[in-house]
S.K.: 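The structure that follows is given in the form of structure tokens.
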There are 2 protein chains.
Amino acid sequence: MTKPRNDETVTMQSVAVAAGVSPMTVSNTFRYPERVQEETRQRVLKIASELGYVPNHAAGNLASGQSRVIGAVIPSIKNSSFYNYVRGMQDRVTSQGYQLILKLADTVNQEAAAIRTFVGLRVAGIALVGDEHEMDALTLLRKTGTPVVESWVYNNPFDMAVGYSTADATHAITSLLIETGRQRIGFVAYDSDVSRRYTERVPVFKRCVERAGLGSHRIVLVDEADGFSAGAKALERLCAIDPDVDAIICPTDIVAAGVLFECGRRGWKVPDRLAVAGWGDYEIASEITPGITTLQPHTYEMGQRAMTMIMERASGIDHRGVSHDTGFQVLRRESA
Amino acid sequence: MTKPRNDETVTMQSVAVAAGVSPMTVSNTFRYPERVQEETRQRVLKIASELGYVPNHAAGNLASGQSRVIGAVIPSIKNSSFYNYVRGMQDRVTSQGYQLILKLADTVNQEAAAIRTFVGLRVAGIALVGDEHEMDALTLLRKTGTPVVESWVYNNPFDMAVGYSTADATHAITSLLIETGRQRIGFVAYDSDVSRRYTERVPVFKRCVERAGLGSHRIVLVDEADGFSAGAKALERLCAIDPDVDAIICPTDIVAAGVLFECGRRGWKVPDRLAVAGWGDYEIASEITPGITTLQPHTYEMGQRAMTMIMERASGIDHRGVSHDTGFQVLRRESA
DNA sequence: TCTTCGCTTTGTAGCGCTACAATATTCTGC
DNA sequence: GCAGAATATTGTAGCGCTACAAAGCGAAGA
């Protein structure tokens with residue numbers, strides 16, 4: 001024996017004895033209810049709940065080699081960026097009898113640790129954000145064959161992906177500013193080891209403004225994308241390049257809101273003095289005055305789709321190598 | 001046999017064979033490194049990483065009856081309210097070789113489902129927010145003896161608790177407004193089935209203003225505490241009771257920010273026309289102009305403490321029935 | 001040389017559950 | 001009433017890991 005014996009522990013065995021059936025019938029009652037006669041099922045369920053029995057996932061997982069738990073790694077919950085994404089995942093998953101568990105990871109290393117935990121738990125699949133991951137973690141995922149979906153990305157999926165075209169999106173938002181007559185458009189770039197996905201936007205922006213005959217040198221870098229204070233810094237740095245900058249494209253609505261706050265402090269009118277564009281359609285974008293013109297990715301659908309892909313893998317439908325496009329939308333509000 | 005055989009699967013056994021040691025040595029290498037000679041340990045580790053071996057938690061958990069995974073149920077990630085709390089938990093836990101997994105639950109029912117998942121996973125402990133839980137879930141926790149910490153609450157812990165005195169905090173923030181000469185103080189209450197903890201504040205507020213000889217009828221209810229739009233609604237409703245209301249105490253900084261946005265739309269000067277107090281020290285409180293006067297609970301410490309309590313339980317230190325006070329602080333800024 | 005002692009390593013025996021095959025039971029149709 | 005089909009239930013044999021006790025093995029002391 002392995003475990004310090006505890007006679008109190010309610011096992012499938014004890015439920016079976018109490019209900020006068022075999023353990024397998026109890027097992028079937030929970031996993032394949034349709035295999036058990038209604039009457040028997042009710043009896044087992046009643047006894048089980050009286051005894052406070054909860055099937056031991058660890059044991060079930062071990063025995064079946066299958067798991068109904070899916071792991072998702074989320075970069076941050078600092079602001080609401082992932083709210084709808086998580087909601088989408090959660091909603092999709094529970095309707096199928098699966099469960100979603102989350103881990104936060106700010107850096108590639110933390111992400112790798114999270115992946116190891118999930119693999120250790122032998123989850124049914126893992127949802128990652130972005131396409132920058134630690135080499136070792138990927139090797140592990142490949143070796144164990146764990147289904148993986150990358151979100152927010154679209155090209156060259158490691159396994160499966162769901163997202164939208166950053167290039168198209170950058171093009172759309174930049175074009176909007178150009179079309180509304182802005183001449184000195186600034187761009188706020190963000191780069192971190194977990195979020196390389198932001199950097200893709202820079203060359204697209206450049207190409208876009210250059211094709212319109214505008215300068216493409218108004219680019220500054222900030223070191224966080226989910227803090228308001230980055231907005232102030234970004235504006236400051238942009239003014240150092242060009243004090244007459246007349247538009248700014250931010251990596252997130254949070255940064256855009258930060259810019260708005262800073263404009264407030266400077267007494268700048270938005271959008272007259274400066275047009276501000278955000279990204280992500282965070283709640284604050286619609287609530288703040290002026291409302292922030294932003295790019296809305298369909299994150300809820302993204303979350304749902306990610307889960308669908310993982311769950312379908314379990315039922316035999318193989319999406320390996322598939323990228324799903326959930327599209328985006330430009331939401332025009334007062335700020336630009 | 002149970003599982004469709006897969007010769008690819010790397011088990012402790014296969015690592016043991018490859019390293020020329022017994023499975024137990026491999027097990028010890030991971031669980032009790034100090035029991036294995038350095039040289040042997042290195043060899044095992046090397047082989048394990050070459051083979052892409054990740055210990056199967058499910059099996060280990062089953063065999064040992066112990067788990068190094070702790071589950072936390074978070075009401076929402078819609079805004080940053082729980083950011084520092086989660087960070088505190090995460091930081092504390094990883095330094096001890098534990099892992100934290102999260103589940104989101106907006107309602108008591110979802111919380112109960114999350115608890116069931118965690119219990120099914122046989123986690124080492126569960127961290128809950130607030131003290132309103134589903135009866136069945138509690139019974140289950142009691143029966144299985146899972147260590148549970150409730151956060152944000154202080155009285156009558158179900159098992160263990162870590163939080164601060166809502167009464168003292170409400171008293172502190174109300175007193176601040178009274179002391180600065182406000183006469184027509186409004187209070188925004190919030191009530192939902194998961195967040196009864198907000199309702200405690202109402203009677204304290206009443207007592208407080210009454211003792212100062214002020215009216216205690218300026219109380220309105222909103223139906224969400226983490227959305228900016230609640231701020232506009234709250235102010236509207238408060239004005240219906242008293243158009244000359246001169247101060248407002250909000251359930252969260254998000255609602256307070258919403259009030260600020262609404263003041264902006266109305267052209268009301270803050271704090272001249274209206275003093276606004278928030279709760280929670282969300283990032284926006286310090287970034288928005290004017291800065292929001294708020295109540296800062298020490299959420300990071302709360303998260304850390306919660307994990308400590310759970311992990312200590314595993315090592316024999318029993319905190320059953322213990323409540324830990326992490327205190328709070330009133331942060332005075334421009335809005336009040 | 002023989003014990004004794006401390007450190008390492010290794011069998012053994014399950015942990016609680018499920019796939020699968022086999023068996024038991026009920027239901028058809030004639 | 002009975003063969004044969006359909007449905008329900010039940011043993012068996014592990015899944016991959018770890019607690020525990022027992023065994024191996026040098027070094028130091030007698």
Side-chain angles (χ1 to χ4, degrees), chain A residues 1-44 48 51-69 119-122 144 314, chain B residues 1-44 48 51-69 119-122 144 314:
Chain A
M1 189 239 333
T2 331
K3 197 169 161 179
R5 53 177 68 267
N6 174 1
D7 304 332
E8 306 291 319
T9 310
V10 183
T11 72
M12 184 170 274
Q13 178 68 39
S14 49
V15 175
V17 170
V21 295
S22 78
M24 264 321 292
T25 300
V26 180
S27 174
N28 284 331
T29 301
F30 286 96
R31 284 184 63 88
Y32 306 100
E34 72 282 4
R35 289 188 189 168
V36 181
Q37 210 168 4
E38 180 61 16
E39 191 196 358
T40 315
R41 213 174 60 81
Q42 292 302 341
R43 181 154 39 96
V44 171
L51 262 43
Y53 170 69
V54 180
N56 185 332
H57 273 73
N61 187 338
L62 181 61
S64 71
Q66 300 196 327
S67 166
R68 293 189 157 253
V69 174
V119 171
L121 248 19
R122 299 297 190 269
T144 54
Chain B
M1 190 236 336
T2 331
K3 198 169 161 178
R5 53 176 67 268
N6 175 0
D7 305 331
E8 306 292 320
T9 310
V10 183
T11 71
M12 184 169 276
Q13 178 68 38
S14 48
V15 175
V17 171
V21 295
S22 78
M24 264 321 293
T25 300
V26 180
S27 174
N28 286 330
T29 300
F30 286 96
R31 284 184 64 88
Y32 307 99
E34 72 282 3
R35 289 188 190 168
V36 180
Q37 211 167 4
E38 181 61 17
E39 191 195 1
T40 316
R41 213 174 61 83
Q42 292 303 339
R43 183 155 39 96
V44 171
L51 261 43
Y53 171 69
V54 179
N56 185 332
H57 275 72
N61 186 341
L62 181 60
S64 70
Q66 300 196 326
S67 167
R68 296 191 155 253
V69 174
V119 171
L121 250 16
R122 300 299 190 264
T144 55

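Here the structure is a predicted model, which means the values were calculated and not measured. Lettering of chains follows the sequences in order, A, B, ..., and the numbering in each one begins at 1.
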S.K.: Specify the separation, in whole Å, of atom CZ of B:Arg122 and atom C1' of D:dC17.
M.R.: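 For the pair B:Arg122 CZ and D:dC17 C1', the rounded distance is 17 Å.
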S.K.: Using a cutoff of under 3.5 Å, can you pull out all pairs of nitrogen or oxygen atoms linking the protein to nucleotides 6-10 of chain D, with atom names and distances?
M.R.:
residue : atom : partner : partner atom : Å
D:dA8   : O3'  : A:Gln37 : OE1          : 3.3
D:dT9   : OP1  : A:Thr40 : OG1          : 2.7
D:dT9   : OP2  : A:Gln37 : N            : 3.1
D:dT10  : OP2  : A:Ser22 : N            : 2.9
D:dT10  : OP2  : A:Ser22 : OG           : 3.1
D:dT10  : OP2  : A:Thr25 : OG1          : 2.7

S.K.: Could you tell me the separation between the CZ atom of B:Arg41 and the P atom of C:dC7, rounded to a whole number of Å?
M.R.: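 Going from CZ in B:Arg41 over to P in C:dC7 covers 17 Å.
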S.K.: Base, sugar-phosphate, or nothing: which does B:Phe30 touch, judged by heavy atoms less than 4.0 Å apart?
M.R.: nothing
S.K.: Quick check on C:dA19: is either OP1 or OP2 less than 4.0 Å from any side-chain nitrogen or oxygen of A:Arg31?
M.R.: yes
S.K.: Check whether any side-chain N or O of B:Ser64 sits under 3.5 Å from a backbone N or O of B:Gly60 as a donor-acceptor pair, and report yes or no.
M.R.: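 Side chain of B:Ser64 to backbone of B:Gly60: a pair is present.
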S.K.: Looking at the side chain of B:Tyr32, which of C:dG16, D:dT18, D:dA19 is the nearest nucleotide?
M.R.: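 Looking only at heavy atoms from C-beta outward on B:Tyr32, the closest nucleotide is D:dA19.
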S.K.: Output the rounded distance in Å from CE (A:Met12) to P (D:dC15).
M.R.: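 Nearest whole value for this atom pair: 19 Å.
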S.K.: Report the distance from atom CG of A:Leu62 to atom C1' of C:dC15, rounded to the nearest whole Å.
M.R.: 9 Å
S.K.: With distance as the sole test, does A:Asn56 use its side chain to make a donor-acceptor pair with the main-chain N or O of B:Leu62 at under 3.5 Å?
M.R.: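 No, because the side chain of A:Asn56 does not come within donor-acceptor range (under 3.5 Å) of the backbone of B:Leu62.
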S.K.: Taking side chain to side chain contact (heavy atoms under 4.5 Å, CB included) as the criterion, tell me which of B:Val17, B:Val15, B:Thr11 meets it with B:Val26.
M.R.: B:Val15
S.K.: In whole angstrom, what separates B:His57's NE2 from D:dG16's C1'?
M.R.: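 Checked: the NE2 to C1' distance equals 13 Å.
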S.K.: Tell me the interatomic distance from A:Glu39, atom CD, to C:dT25, atom P, rounded to whole angstroms.
M.R.: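 For the pair A:Glu39 CD and C:dT25 P, the rounded distance is 15 Å.
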S.K.: Indicate the atoms forming the closest heavy-atom contact of B:Arg41 with B:Pro33, along with that distance.
M.R.: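 The answer is CD-O, 3.5 Å.
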S.K.: With a 4.0 Å cutoff (strictly under), does any side-chain N or O of A:Ser27 reach OP1 or OP2 of C:dT18?
M.R.: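 For C:dT18, OP1/OP2 do have a side-chain N/O of A:Ser27 under 4.0 Å.
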S.K.: Side chains of A:Thr25 and A:Thr40: does their closest heavy-atom pair fall under 4.5 Å?
M.R.: yes
S.K.: To the nearest angstrom, how far is A:Asn61 atom CG from D:dC15 atom C1'?
M.R.: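 In whole Å, D:dC15 C1' lies 10 Å from A:Asn61 CG.
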S.K.: Determine whether a donor-acceptor pair (N or O, by modelled atom type, separation under 3.5 Å) exists between the side chain of A:Arg31 and the backbone of A:Asn28.
M.R.: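 Here the side-chain-to-backbone pair does not exist.
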S.K.: List for me each residue that meets salt bridge (charged side-chain N to carboxylate O under 4.0 Å, His left out) alongside B:Glu34, sequence neighbours excluded, and say none if there are none.
M.R.: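 Checked B:Glu34 against salt bridge (charged side-chain N to carboxylate O under 4.0 Å, His left out); zero matches.
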S.K.: Are any side-chain N or O atoms of A:Arg43 and backbone N or O atoms of A:Ala19, one a donor and one an acceptor, separated by less than 3.5 Å?
M.R.: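 A pair under 3.5 Å: yes.
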S.K.: Rounding to 10°, can you tell me the angle the first-five-pair axis of the helix from C:dT1-D:dA30 to C:dC30-D:dG1 makes with its last-five-pair axis?
M.R.: 30°
S.K.: Is it the case that over 12 heavy atoms from other parts of the model lie below 6.0 angstrom from the CD atom of A:Glu38?
M.R.: yes
S.K.: How many whole angstroms separate atom CG of B:Asn56 from atom C1' of D:dC15?
M.R.: 9 Å
